[in-house]
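We use all heavy atoms of the structure for the numbers below, so side chains are in, but hydrogens, waters and symmetry mates are not. Model, not experiment: these values are computed from the prediction.
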Amino acid sequence: TKNDIKCFLNYENKLNWSDFDQFKDEAFKLYRIYLDMNDWRNSECNCVSFLKECKCNHVIGITIRLKLAKVPIEAKNIEKWAKRKREETT
């Protein structure tokens with residue numbers, strides 16, 4: 001909500017967290033995406049998934065929504081919530 005964003009920016013600008021737990025709660029309450037409009041692959045997000053793997057659904061979703069990338073046809077044909085089979089290794 002708008003109130004959450006104002007609170008987050010207020011804490012971030014003043015850097016007045018009372019302890020680490022308060023910082024952690026506020027820092028991960030909102031996802032901040034830095035979108036590189038020239039090359040979306042250089043974009044960043046502050047979510048845990050991006051911090052671990054350098055990729056996340058937030059960056060990909062915003063990129064697709066802004067039409068900076070196209071969704072492959074194969075991805076469009078996957079049923080929502082469908083379980084994917086593992087590839088057999090020989």
*Under a 4.5 Å side-chain heavy-atom rule over Ile, Leu, Val, Met, Phe, Trp and Tyr, are W40 and V71 clustered together?*
yes
*Among the clusters formed by ILVMFWY side chains lying less than 4.5 Å apart, do I33 and M37 turn up in the same one?*
yes
_For D39, give me all partners under side chain to side chain donor-acceptor pair (under 3.5 Å), at least two apart in sequence or on another chain._
R41
*Partners of D19 by side chain to side chain contact (heavy atoms under 4.5 Å, CB included), sequence neighbours excluded?*
D21, Q22
Using a 3.5 Å cut-off and no angle test, enumerate the donor-acceptor pairs between side-chain atoms of residues 48-67 and protein atoms at least two apart in sequence or in another chain.
residue: S49; atom: OG; partner: K55; partner atom: O; Å: 3.4
residue: T63; atom: OG1; partner: V59; partner atom: O; Å: 2.6

